[in-house]
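Chain A is the first sequence line, chain B the second, and so forth, proteins listed ahead of strands; every chain is numbered from 1. Quick caveat: nothing in here was measured; it's all calculated off a predicted structure.
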2 protein chains.
Amino acid sequence: MLKTKRITAILDYVQRKHSVSLDDLVKEFNVSKNTIRRDVQELVDQKKLQKVYGGVSIPRPLTVPYQDRKIQNFKEKEIIAELAADYIKDGDIIFLDSGTTTGAILEFIKNKSLTIVTNNMDFTLDATPYPQLQIYGTGGVFERSTRSYVGMDSAETIAKYNFNKAIMATTGLSIDKGFTNSSPLETQIKRNAMEKSETIFVLADHSKFDRYSITTYGYFDEIDYIITDREPPKHYIDAASEYKNHIIYPK
Amino acid sequence: MLKTKRITAILDYVQRKHSVSLDDLVKEFNVSKNTIRRDVQELVDQKKLQKVYGGVSIPRPLTVPYQDRKIQNFKEKEIIAELAADYIKDGDIIFLDSGTTTGAILEFIKNKSLTIVTNNMDFTLDATPYPQLQIYGTGGVFERSTRSYVGMDSAETIAKYNFNKAIMATTGLSIDKGFTNSSPLETQIKRNAMEKSETIFVLADHSKFDRYSITTYGYFDEIDYIITDREPPKHYIDAASEYKNHIIYPK
DNA sequence: ATTCATATTACCAAAACTTACTCATGAATT
DNA sequence: AATTCATGAGTAAGTTTTGGTAATATGAAT
């Protein structure tokens, strides 16, 4: 195998796995650890990868708060994201709401052919290596805390698109208060996205149940799927059958 | 098989495979390694291919290395950016065009209090640590090669803002063709930004003079300042006095 | 704070690949 | 018949890549 080919393959592999050990790479590419080190070094020099003790990962020159949030309940978010990814098909035009749970889905859909509209800057960044993903950003004021674009510009841009699926995030849900979020600036964006989408998915890990934030952006009768990481409390199952929602969780 | 035919076939083959070893080519075309070498050399001379150890690959990796481009003429870009930064004052509302030279200005204005509107994703990312910079992104299709948002959405968003300064990039300028850029998708964005801005700066290092690209986004009588890294050819000085432009370069 | 397993770095020699030659052959051209 | 050209084959010298080993550094556990 050509060295250059191997190096691009390594980059690809790491991007797919997010981070891998050197031993993994040795096994995968059947060359010595020494060689892997040298290859990795080249990619590091090109700023394509980052070394971590014992392996490599993709570089994330991100500011702290978002990074931290990403790690919280990471396992649960991955489970949810993988379940949700099953519903995404080639050719879909999806709205991908800003959030850490929704962001995890990229990993599972990156090889599909999709049009993704998002107000989150990191999603655009993360999707860059995958040319099958056509990315539309919404404009607007950049909000540092959520690393997303908010405000009327963003909402107006979204109102012009038609989605067949909307993947929504939430900071809390309850049966009477519906789906809530903590940034009023984002509410209009979410409303517009929901109104223009055929099917609406809400991704929420178990910690989000029976909690609520300042603004409500939707109610149970407006959405189609709730995807979570474990069996929810019984009253949600009941509510779901009343409102004809599908609640999806690992069996 | 004719030599010329074989050579075009080799080019074709490599482009399809992205990169191949010489041995592969020997097998594929049933000629000696010697001949393959000679053929490949011709293609390399024509810049159609590039040699890598053990084989050949296409000259540019498919993903355009924006990070790499950033380094080209880095010194010049810094000089220009620093000159331009002098004109930016607290409270300004500026349009910052996508480009490597324009991007360099961030470093010199990061501690001012500004509102920056940009279609480039990296600028948003780079500006994140500096809360005095309020960032507005333009929406639209994300273009990987320039790492910016383009298209009508972006242009429409910009048309809604009023700037007092626009910092423009260009891939080439000449007196009769004006200021040009290579992506027609960006032209409308640039036009809108210029029309809504009180003062217009064009940043162009010396290599951009007397060169032009596919589309013209503006002419000398429409702009106010040209900022460059060394004294430009005399006919530009003359043109500047005719059109009342200011040409700024280090004394 | 010390110890131990593992990761990293530095260096070397072998292997693989290039480059730059020379030379012989056969086909096409003059 | 002489000349030109593309090709294959081979050789020697130089480079790049690679895998192994020894020395050093690091992280985790005691």
Side-chain angles (χ1 to χ4, degrees), chain A residues 1-62 64 67-75 78, chain B residues 1-63 65 67-68 71:
Chain A
M1 189 185 212
L2 284 181
K3 188 193 174 194
T4 50
K5 214 160 190 128
R6 190 182 56 234
I7 287 183
T8 54
I10 287 174
L11 179 59
D12 212 62
Y13 187 80
V14 177
Q15 280 175 342
R16 219 164 46 238
K17 298 251 180 179
H18 236 106
S19 75
V20 294
S21 70
L22 291 192
D23 289 327
D24 274 1
L25 290 172
V26 167
K27 243 185 251 164
E28 183 70 19
F29 292 97
N30 277 312
V31 289
S32 76
K33 207 164 192 169
N34 240 328
T35 301
I36 288 292
R37 276 187 205 291
R38 281 184 276 247
D39 290 349
V40 159
Q41 189 55 51
E42 281 195 40
L43 288 164
V44 169
D45 290 343
Q46 293 170 43
K47 318 260 191 223
K48 304 264 179 76
L49 290 183
Q50 213 174 35
K51 276 203 249 195
V52 295
Y53 195 80
V56 284
S57 70
I58 55 176
R60 288 309 244 90
L62 295 184
V64 197
Q67 276 283 59
D68 289 353
R69 272 197 298 148
K70 214 170 176 177
I71 295 163
Q72 273 188 346
N73 300 326
F74 183 69
K75 196 78 204 148
E78 270 208 322
Chain B
M1 188 183 218
L2 241 50
K3 187 191 177 192
T4 53
K5 211 170 186 103
R6 189 181 58 236
I7 287 183
T8 55
I10 288 174
L11 180 59
D12 214 61
Y13 187 78
V14 178
Q15 279 172 343
R16 220 169 41 242
K17 298 248 179 179
H18 224 108
S19 72
V20 293
S21 69
L22 291 192
D23 290 328
D24 275 1
L25 290 172
V26 167
K27 244 185 250 163
E28 182 70 19
F29 293 95
N30 278 311
V31 289
S32 75
K33 207 164 191 167
N34 236 327
T35 301
I36 287 294
R37 274 189 205 290
R38 284 187 268 245
D39 291 349
V40 157
Q41 190 55 52
E42 283 195 40
L43 286 163
V44 170
D45 290 343
Q46 293 169 43
K47 317 260 191 221
K48 304 268 181 72
L49 290 183
Q50 77 181 17
K51 281 199 241 196
V52 295
Y53 196 82
V56 283
S57 73
I58 54 177
R60 276 176 298 272
L62 273 180
T63 51
Q67 295 289 358
D68 292 353
I71 295 161

CA sep, side-chain torsions, deciding dist, call: A/Ile10, A/Val20, side chain to side chain contact (heavy atoms under 4.5 Å, CB included): CA-CA 10 Å; A/Ile10 287 174; A/Val20 294; over 6 Å; no
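When DNA chain C is scanned in the 5' to 3' direction for atoms under 4.0 Å from non-hydrogen atoms of chain A, the outermost contacting nucleotides are C/dT6 to C/dA10.
A donor-acceptor distance shorter than 3.5 angstrom exists from the side chain of A/Lys5 to the backbone of B/Ser19, with no hydrogens or angles considered.
In this structure, the side chains of A/Lys33 and A/Leu25 stay at 4.5 Å or more apart for every pair of heavy atoms.
Residues passing the side-chain hydrogen bond (donor to acceptor under 3.5 Å, both in side chains) test with A/Lys3, sequence neighbours excluded: A/Glu42. Residues meeting the salt bridge (Lys or Arg N to Asp or Glu O under 4.0 Å) test with B/Lys27, sequence neighbours left out: none. Taking the side-chain contact (heavy atoms from CB on, under 4.5 Å) definition, one finds that B/Thr8 meets it with nothing, sequence neighbours left out.
A side chain to side chain contact (heavy atoms under 4.5 Å, CB included) with A/Asp39 holds for exactly one of A/Ile7, A/Asn34, A/Thr4; it is A/Ile7. Partner A/Val14 forms a side chain to side chain contact (heavy atoms under 4.5 Å, CB included) with one of A/Leu49, A/Val40, A/Leu43, A/Asp24 and no other, that one being A/Leu49.
Within the helix from C/dA1-D/dT30 to C/dT30-D/dA1, the inter-axis angle between the opening and closing five-pair segments is 30°, rounded to 10°.
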Letter per nucleotide, 5' to 3', of nucleotides 16-30 of chain D [B base touched, S only sugar-phosphate touched, - untouched; heavy atoms, 4.0 Å]: BSBBBB----BS---
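The minimum heavy-atom distance between B/Arg37 and B/Leu22, with the atom names listed, is NH1-CD1, 3.2 Å. The minimum heavy-atom distance linking B/Val26 with B/Ser32 is given by the pair CG2-C, 4.2 Å.
Residue B/Val26 is out of contact with every strand shown, counting any heavy-atom pair closer than 4.0 Å.
With the nearest nucleotide of DNA chain C identified for both B/Gln41 and A/Gln41, A/Gln41 has the one nearer the 5' end.
Look at CG on B/Leu25: it is 17 Å from C1' on D/dT7, rounded to the nearest Å.
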